[in-house]
Peer 1: 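Structure below; questions to follow.
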Amino acid sequence: MASADRARPTNKFTFTITITSSAAMAALLPAFHSLPLPIAQLSLAVVLKCGQSFRWTVLPDADDTEYRLCLRDRVVCLRQSPTTLFYRAVYPDPQPTPTQQALRDAETLVWLNDYFQLDIDLVTLYDEWSVRDPVFARMQSRFQGIRVLRQDPWENLISFICSSNNNIARITKMVQALCTQYSPPLLSFPGEDAKYHPFPPPSVLSEPGVSATLRSLGFGYRADFIHRTAKMLVGIHGKHNPSEASESWLVGLRNTTTDEAREELLKFVGVGRKVADCVLLMSLDKKEVVPVDTHVYQIAMRYYGLKGTSSSNGKKVNMSSKIYNDVSTKLFNVWGDSAGWAHSVLFTADLKSFASYGLPTPAGPTSSPQKILMQKDLLPTLSMAPLLSPLKRTHSEVIVDNPMNAGDDASLTLSLAERVKRRRRVA
DNA sequence: CAATAACCGCGA
DNA sequence: CGCGGTTATT
């Protein structure tokens with residue numbers, strides 16, 4: 001391993017090379033590396049399937065579920081134990097040199113750190129929210145490891161245009177169909193049929209006929225939104241097209257204020273306040289933003305003393321701009337400058353059935369007594385059981401330089417510089 | 001501004 | 001019939 005040759009006494013980083021029990025597979029695929037990471041900091045089982053990203057493949061296994069995501073040049077594979085995150089990346093070409101592989105592994109680690117925002121201490125945040133909010137304090141232990149992913153803005157924007165009037169299962173199918181239809185397969189795994197497709201770039205989705213094709217794939221009215229949004233983005237921000245300048249423009253919104261970025265997002269078709277706020281929170285670093293949908297509205301009304309807009313009759317009241325703002329502002333005031341992250345915890349908890357965990361109704365004057373119903377069959381859904389069993393693997397430890405310090409690699413340096421810049425802006 | 005309809009497809 | 005929403009129209 002080339003990076004191990006470099007003498008870097010400081011910031012040594014320990015990780016584990018994992019040898020799978022199948023020698024044949026080990027020969028074809030790179031081994032898993034490991035990263036010490038308490039499950040309270042990240043729960044893959046919840047975070048990857050709770051409606052943030054819709055593109056993770058899950059390979060269920062009673063003991064050891066694997067999660068895979070196809071990036072532009074590699075497929076990232078993850079597994080998890082209560083104390084450790086296991087990762088590897090698989091590439092299209094068959095046999096990279098050990099040096100190539102080591103560099104790629106280092107890149108993948110940088111990507112992981114960025115995508116999961118691992119420099120943010122989730123446990124400390126949970127504590128802070130608990131101090132500010134008794135409701136959060138009461139349920140936090142049940143929902144550990146729920147953090148906001150830092151996703152690609154373009155992919156995130158299109159995914160959430162798909163989310164209108166929709167559910168996670170179908171959004172997942174639609175995004176999958178979109179990738180299969182509009183980007184060539186990157187690779188498939190040895191002995192497996194499934195092909196892994198990256199997310200298609202804006203230029204591809206802006207081509208003629210995309211709307212009709214997506215409609216035939218069951219996208220409904222969202223087909224036009226996606227096509228038109230892609231055309232707008234490429235037409236306005238991708239004029240000179242040195243490989244997708246429009247995507248870079250979207251990424252650049254990370255360096256603008258929340259209001260400015262939201263204003264830009266709202267210009268696209270199919271993007272209203274809710275979708276815009278999701279993109280702001282989940283891919284543009286605006287972690288104070290609280291997206292409001294009907295679920296969040298219900299939660300705010302029930303547990304945070306927001307008055308339901310005089311719907312004394314059981315009438316269904318639409319989400320007006322005023323209601324949206326009231327709810328979003330209220331929850332921001334409850335949770336503070338990382339309110340969007342707290343919202344994600346509560347929202348995910350709600351997906352798994354909020355009431356079944358015996359949350360108290362607030363004691364405030366605006367609250368009405370609510371009967372908490374114990375719901376059957378919902379509790380096991382959140383169980384971490386698959387992750388608690390011992391792993392069927394053997395480990396041998398090696399010490400290498402922390403790839404985060406590999407200052408002689410341009411791509412790593414760039415990523416790190418970008419991160420530092422981002423943190424500085426937040427602070 | 002608040003309220004209503006239309007949009008698409010899927011599941012209850 | 002209703003949905004984790006947006007757009008267009010009153």
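Convention: sequence-line order gives letters A, B, ...; per-chain numbering from 1.
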Peer 1: Base, sugar-phosphate, or nothing for R222(A), non-hydrogen atoms under 4.0 angstrom?
Peer 2: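 Base, at least one base heavy atom under 4.0 Å.
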Peer 1: Give a yes/no on whether any side-chain N or O of R273(A) is located under 4.0 angstrom from OP1 or OP2 of dG5(C).
Peer 2: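 Checking R273(A) against dG5(C): no side-chain N or O falls below 4.0 Å of OP1 or OP2.
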Peer 1: Contact class for I161(A) vs. all strands (heavy atom < 4.0 Å): base, sugar-phosphate, or nothing?
Peer 2: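 It contacts nothing in the nucleic acid.
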Peer 1: Find the distance Y297(A):OH to dG4(C):P and express it as a whole number of Å.
Peer 2: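 Distance, rounded to whole Å: 15 Å.
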Peer 1: Indicate, with a heavy-atom threshold strictly under 4.0 Å, whether F268(A) touches base, sugar-phosphate, or nothing.
Peer 2: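 Sugar-phosphate only.
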Peer 1: Is any side-chain heavy atom of E264(A) closer than 4.5 Å to one of L253(A)?
Peer 2: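 Result yes, sub-4.5 Å side-chain heavy-atom pair found.
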Peer 1: Reading 5' to 3' and counting Watson-Crick or G-U wobble pairs with both distances under 3.5 Å, write the dot-bracket notation for DNA chain C, | for bases paired outside the strand.
Peer 2: |||.||||||
Peer 1: How is N165(A) classified with respect to the nucleic acid when contacts are heavy atoms under 4.0 Å: base, sugar-phosphate, or nothing?
Peer 2: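 Base: the residue N165(A), judged by heavy atoms under 4.0 Å, touches a nucleobase.
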Peer 1: Round to the nearest Å and state the distance from D326(A) atom CG to dC1(B) atom P.
Peer 2: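 Result: 13 Å.
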Peer 1: So, Q41(A) versus D121(A): side-chain donor-acceptor pair below 3.5 Å or not?
Peer 2: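 Per modelled atom types, Q41(A) and D121(A) side chains form a pair under 3.5 Å.
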Peer 1: Between dG5(C) atom P and I168(A) atom CD1, what is the distance in whole Å?
Peer 2: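 Value for this atom pair: 12 Å.
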Peer 1: For H295(A) and for F225(A), locate the closest nucleotide of DNA chain C by heavy-atom distance; then report the residue assigned to the nucleotide nearer the 5' terminus.
Peer 2: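 Its nearest nucleotide lies further toward 5', so the answer is H295(A).
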Peer 1: Given the P atoms of dT6(C) and dG11(B), what is the spacing between them in whole Å?
Peer 2: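 Those two atoms are separated by 23 Å.
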Peer 1: Does R55(A) qualify as a cation-pi partner of Y196(A), given the criterion of NZ or CZ under 6.0 Å from the six-membered ring centre and within 45 degrees of its axis?
Peer 2: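 No, cation not above the ring by the 6.0 Å, 45° rule.
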Peer 1: Is it the case that atom CG in D337(A) sees more than 12 heavy atoms from other parts of the structure closer than 6.0 Å?
Peer 2: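 Not more than 12 within 6.0 Å, no.
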Peer 1: Should the pair R228(A) and F268(A) be classed as cation-pi, given the thresholds of under 6.0 Å to the six-membered ring centre and 45° from the axis?
Peer 2: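 Pair R228(A)/F268(A) does not count as cation-pi.
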Peer 1: With the side chain counted from C-beta on, respond yes when T229(A) and L157(A) share a heavy-atom pair under 4.5 Å apart, and no when they do not.
Peer 2: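 In contact.
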Peer 1: Between dG5(C) and Y221(A), counting only base atoms on the nucleotide and side-chain atoms on the residue, is there a donor-acceptor pair under 3.5 Å?
Peer 2: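 Present.
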Peer 1: How would you label the contact of V271(A) with the nucleic acid (heavy atoms, under 4.0 Å): base, sugar-phosphate, or nothing?
Peer 2: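 V271(A): backbone/sugar contact only, no base atoms under 4.0 Å.
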Peer 1: Considering only the P atoms, how many Å lie between dA2(B) and dG4(C), rounded to the nearest integer?
Peer 2: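 So the two P atoms sit 23 Å from each other.
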Peer 1: Return each pair, listed once, that meets ring pair (Phe, Tyr, Trp, His ring centres under 6.0 Å) where at least one residue sits in residues 36-65 of chain A; pairs must be two or more places apart or across chains.
Peer 2: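 As it turns out, the ring pair (Phe, Tyr, Trp, His ring centres under 6.0 Å) pairs with a partner in residues 36-65 of chain A, which skip direct neighbours, are F54(A)-F160(A), W56(A)-Y115(A).
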Peer 1: Can you identify which nucleotide, out of dG11(B), dC8(B), dG5(C), has its nearest atom closest to the T294(A) side chain?
Peer 2: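 Among the listed nucleotides, the one closest to the side chain of T294(A) is dG5(C).
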Peer 1: Between atom OH in Y324(A) and atom C1' in dT6(C), what is the gap in whole Å?
Peer 2: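 Rounded to whole Å, this separation is 13 Å.
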Peer 1: Can you tell if the side chain of E66(A) reaches within under 4.5 Å of the side chain of D61(A), non-hydrogen atoms only?
Peer 2: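 No; the side chains remain at least 4.5 Å from each other.
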Peer 1: Rounded to whole Å, please give me the gap between CD in Q298(A) and C1' in dG5(C).
Peer 2: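 Roughly 15 Å, once rounded to whole Å.
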Peer 1: How many Å lie between CZ on F219(A) and C1' on dG5(C), as a whole number?
Peer 2: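 Rounded to the whole Å, the gap is 16 Å.
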Peer 1: Calculate the interatomic distance between R262(A) atom CZ and dT6(C) atom C1'; express it in whole Å.
Peer 2: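 The answer, rounded to whole Å, is 16 Å.
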Peer 1: What is the distance, to the nearest angstrom, from the CG atom on N166(A) to the C1' atom on dC7(B)?
Peer 2: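 Spelled out: CG on N166(A) to C1' on dC7(B) is 13 Å.
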